[in-house]
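If you're wondering where the values come from, they're calculated on a predicted model, not measured in any experiment. To find a chain, count down the sequence lines: A is the first, B the second, and so on, and within it residues start at 1.
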Amino acid sequence: MNKVLITGSEAAALGAKLAKIEVLSYYPITPAFPAMERLSKYIDDGELNCKFIRAESDHSALAAVLGGSLAGARSYTVTNSQGLLLMTEVVYHVAGLRQPIVMGVANRALSAPHSRFPEHGDVVSQSASGWIQLFCENNQDILDNTIQAFRIAEELRVPVMVNYEGYLQSHTLEEVFVPEQSKVDAFLPLKRQPALDINNPRGVNTVTSPDFYPYYKFNQNEAMLESLNLIPKVAAEYNQEFGANSCGLIECYQMEDAEHAIVAMGSIVGTARILVDNLRKEGRKIGLIKVKVWRPFPVKAILEALQNVSFVTVLDKNIVFGVGGALATDLKAAAYGRGEMVINGAILGLGGGKCGVEEINAAVMETESAGSDKNKSVWIGL
Amino acid sequence: MTINVNSLPQVELFGQGNVGCKGCGAAIAGRQAMKVLGERTIITIPASCMATLGGSNTRSAWRVPFYHTLFECAPAVSSGIRAALEIQGIKDVNVVSWGGDAGSADIGFQSLTGAAERQENIIHVLYDNEMYMNTGGQTGSQTPIYAITSNGSLGKKVRKKNMLAIMEAHGIDYVASANIAYPEDLMAKFQKAAAKKGFSYIHILAPCHRGWGIKPEETIEVARKATECGLWELFEVDEGKRTRTYEPKLIPVADYFKAQGRFKNLTDEQIAEFQKFVDDYYGKGE
Ligand SMILES: Cc1ncc(C[n+]2csc(CCOP(=O)(O)OP(=O)(O)O)c2C)c(N)n1
């Protein structure tokens, strides 16, 4: 394993390159474009044998990648924010067609008002789309999750989004351990399953009657749920093969005797670790749960981790208007009927707003003082 | 290149079991095209009548791989399919996107112009019934001026957008108009398009009797009149060289309009307007 200093964009591109993607399409958008440019450079330099389709829109980019996948090629794209929204129709369609496409998303706030800064609002909009969604704490996660995403997607025929945040991750250098190509090849054997096969003609996406449609949806949901079993196995195998330290569904930090838990996903997790260390020094029994897999929502794993916890602070870098943070809402639904545990949500870091140790500390304090009003979200940093 | 109808393959690669209306112009176009495209063809069809009538549940009316795409993006999907075939070394396959007038000229125009500009090795077909039939026959950019539609009881106020000129302006390998009433001409054009390495665009006039207010058995007859009166010229632009592929008899345009319910309110002045257009056009002698 070789150690390099790279940005999150480069980690995403490197992951896709190591996975030997065969069809690539994208439409430029900030802050995903450095990953795009890096992939195109790999192709231009002959380091990656992949067909690139220079799409004229984000919608067409995912449609082209879908065409590639339907015809049997390992296919990848990357986007964020407005690009992801424009793609949305295709996003749902890809999932319904059970195509194992992997997409990097350099999370960015949605317009209006215009912002190009990090936030999870873009992918939260895709929560019901039928894509598995993985979140990355750091650049190592971006590389590791991208490689694992292909394995998960192809085994279950469920598409996977790998979320990393704009600028905070896409443009920030970190040390990353890079697995060897030959080992990645062994980890990701290519089994082609073209739906559009010239030697075996089939009709794809024919008009479907109510007698059939619910079965497709049931199976799609079963496959999503099955990923909760598969993802930890893939992570364990990956760690074994590459000496990596990739978590399964969630990772618990200082949770053994914790009474208060912070639950978070994405780049904020790394900062929350520092706060937990600080508060531990003060004698507080606080811990942290990093949510790597947000879709499907790993209910069992999280509730197990929260078994002895009485208070939860959920950090959400998104807002579902009139409801609250998406992660907090999911967690409350998951914990329905679970006794006295209080789950309070904090909204922070919207549109690139600060979420350093201080802000997370404020989130902990203010959610505590919000008491047991379970439907309230506190907004940090206003 | 000429086509001998007698030597065409017997096998029907599209059509059997399709659930189109009887006398459906779109289905006729599909059947004719598949006679020359052959079994090594992958076809993508955006939301439209043609997508809907091609298969339901576990049945398909296509004996080639057929994919009913989203509305806006059939040429983009076809681009991806071509890329996947190339990376796998799969050769001698026609990749065809086959859209209605909305799926090609309106909501689908962005992906069409994109794929054409990239010179993708695909054929795009616009089968033109001049309305949005799958949703009940609304007005679109390919609806002719004055035509009555399901949401335009007063007739369209503006002219039909000239898609053939627009596609020609892309400088693609091959552009052709066609008409289901001239199958040899249509098939010869598909043969040429299939041999190209770049992008081809074939625009087929394919009446819909429901939308046009004609009888199902009149589909071909009315289509033929469109060309014979000079309003639907048959031509091709083969790597920049423009050729008229059929010389029309130039019957009065009124003969074409007369039969159609959608033009029932056409005034004599409006008919004269069309006639002058045709006279001027052909008067130039080209
Ligand atoms: C994004 C989206 N918008 C609208 C529709 C509804 N829709 C389906 S087919 C169609 C009209 C198709 O018209 P055309 O392309 O001319 O083909 P035709 O049905 O006339 O053969 C429309 C509006 C859709 N399927 N998807």
Side-chain angles (χ1 to χ4, degrees), chain A residues 20-25 27 49-75 77 86-87 89-90 92-94 96-97 99 101 190 192 194-213 215-216, chain B residues 13 19 39-47 51-88 90-95 97 107-118 120 122:
Chain A
K20 292 190 172 164
I21 57 166
E22 298 176 304
V23 170
L24 168 73
S25 186
Y27 191 73
N49 180 27
C50 174
K51 294 281 173 191
F52 169 56
I53 298 144
R54 181 177 46 78
E56 82 300 325
S57 77
D58 318 84
H59 191 284
S60 284
L62 187 55
V65 162
L66 170 59
S69 179
L70 285 168
R74 185 173 280 169
S75 304
T77 189
L86 186 60
M87 281 181 182
E89 188 194 23
V90 196
Y92 277 72
H93 188 68
V94 162
L97 291 173
Q99 291 305 301
I101 292 169
L190 185 61
R192 295 192 194 282
L196 296 172
D197 180 353
I198 198 70
N199 299 313
N200 178 22
R202 275 181 292 185
V204 176
N205 192 33
T206 52
V207 178
T208 303
S209 69
D211 306 342
F212 285 75
Y213 190 88
Y215 290 96
Y216 283 100
Chain B
L13 294 174
V19 297
E39 63 185 8
R40 287 186 71 78
T41 298
I42 296 176
I43 188 140
T44 69
I45 306 189
T52 317
L53 63 82
S56 53
N57 291 334
T58 56
R59 292 171 311 159
S60 171
W62 296 87
R63 286 175 197 239
V64 297
F66 150 64
Y67 164 41
H68 168 188
T69 77
L70 294 170
F71 205 4
E72 310 84 344
C73 56
V77 170
S78 287
S79 304
I81 292 171
R82 174 61 78 194
L85 296 179
E86 279 177 2
I87 203 95
Q88 295 172 76
I90 302 173
K91 297 200 175 73
D92 306 321
V93 174
N94 299 310
V95 180
S97 50
I107 194 170
F109 184 69
Q110 181 173 296
S111 65
L112 175 59
T113 184
E117 184 272 333
R118 293 192 302 272
E120 296 284 352
I122 59 181

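Across B/I43, B/N57, B/T52, the residue that shares the most heavy-atom pairs under 4.5 angstrom with chain A is B/N57. Note: B/L70 leads B/L70, B/T41, B/I81 in heavy-atom pairs under 4.5 Å with chain A. The most heavy-atom pairs under 4.5 Å with chain B, out of A/A61, A/A73, A/A64, A/G203, come from A/A64. Contact count against chain A (heavy-atom pairs under 4.5 Å) is highest for B/H68 among B/H68, B/R82, B/E39. Heavy-atom pairs under 4.5 Å with chain A were tallied for B/F66, B/W62, B/F71; the largest tally goes to B/F66. Among the candidates A/P201, A/G72, A/C50, the residue making the largest number of heavy-atom pairs closer than 4.5 Å to chain B is A/P201. Options B/A84, B/P65, B/A76 differ in how many heavy-atom pairs under 4.5 Å they form with chain A, and the most are formed by B/P65. Of all the listed residues (A/S75, A/S69, A/S60), the one sharing the greatest number of non-hydrogen pairs under 4.5 Å with chain B is A/S60. When A/G67, A/P194, A/S209 are compared by the number of non-hydrogen pairs under 4.5 Å with chain B, A/G67 comes out ahead. Interface check for chain A: of the options B/G114, B/A61, B/G55, B/A74, the most heavy-atom pairs under 4.5 Å are formed by B/G55.
Between B/K91 and B/E86 there is no salt bridge, since none of the side-chain N atoms of the basic residue sits less than 4.0 Å from a carboxylate O of the acidic one. A salt bridge is absent between B/E120 and A/R54; no separation between the charged side-chain nitrogens and carboxylate oxygens falls under 4.0 Å.
For the atom pair A/Y27 OH and A/L86 CG, the distance stands at 9.5 Å (nearest 0.5 Å). For the atom pair CG of A/D58 and OG1 of A/T77, the computed distance is 8.5 Å after rounding to the nearest 0.5 Å. Note: A/E56 CD to B/T113 OG1 = 8.0 Å, rounded to the nearest 0.5 Å. Rounded to the nearest 0.5 angstrom, B/S97 OG and B/I122 CD1 are separated by 4.5 Å. If you take CG on A/D197 and CD1 on B/I42, they are separated by 8.0 Å, rounding to the nearest 0.5 Å.
Between B/C73 and A/H59 the shortest side-chain heavy-atom distance falls below 4.5 Å.
When heavy atoms are compared at a cutoff of 4.5 Å, A/L70 approaches chain B solely by way of its side chain, counted from C-beta outward. For A/R74, no part lies under 4.5 angstrom from a heavy atom of chain B. With a 4.5 angstrom heavy-atom cutoff, A/V65 does not touch chain B via any of its atoms. Within the 4.5 angstrom heavy-atom criterion, only backbone atoms of A/R202 (N, CA, C, O) approach chain B. Neither the backbone nor the side chain of B/S78 comes within contact range of chain A, judged by heavy atoms closer than 4.5 Å. When heavy atoms are compared at a cutoff of 4.5 Å, A/L97 approaches chain B solely by way of its side chain, counted from C-beta outward. With a threshold of 4.5 angstrom between heavy atoms, B/S56 approaches chain A through its backbone and through its side chain. Using a 4.5 Å cut-off between heavy atoms, B/R63 contacts chain A through its backbone alone, with no side-chain atom that close. Of the two parts of A/D211, neither the backbone nor the side chain holds a non-hydrogen atom closer than 4.5 Å to a non-hydrogen atom of chain B. Of the two parts of A/I198, the backbone and the side chain both hold a non-hydrogen atom closer than 4.5 Å to a non-hydrogen atom of chain B. Heavy atoms closer than 4.5 Å to chain B are found nowhere in A/S25, neither backbone nor side chain.
A donor-acceptor contact shorter than 3.5 Å links the side chain of B/Q88 to the backbone of A/A71. At least one donor-acceptor pair closer than 3.5 Å links the side chain of B/S111 to the backbone N or O of B/G108.
The heavy-atom pair separating A/N205 from A/H93 by the smallest distance is ND2-CE1, 3.4 Å. Taking every heavy atom of both residues into account, A/N199 and B/R40 meet most closely at OD1-NH1, 4.0 Å.
Under 3.5 Å, the side chains of A/T206 and B/R59 contain no donor-acceptor pair of N or O atoms.
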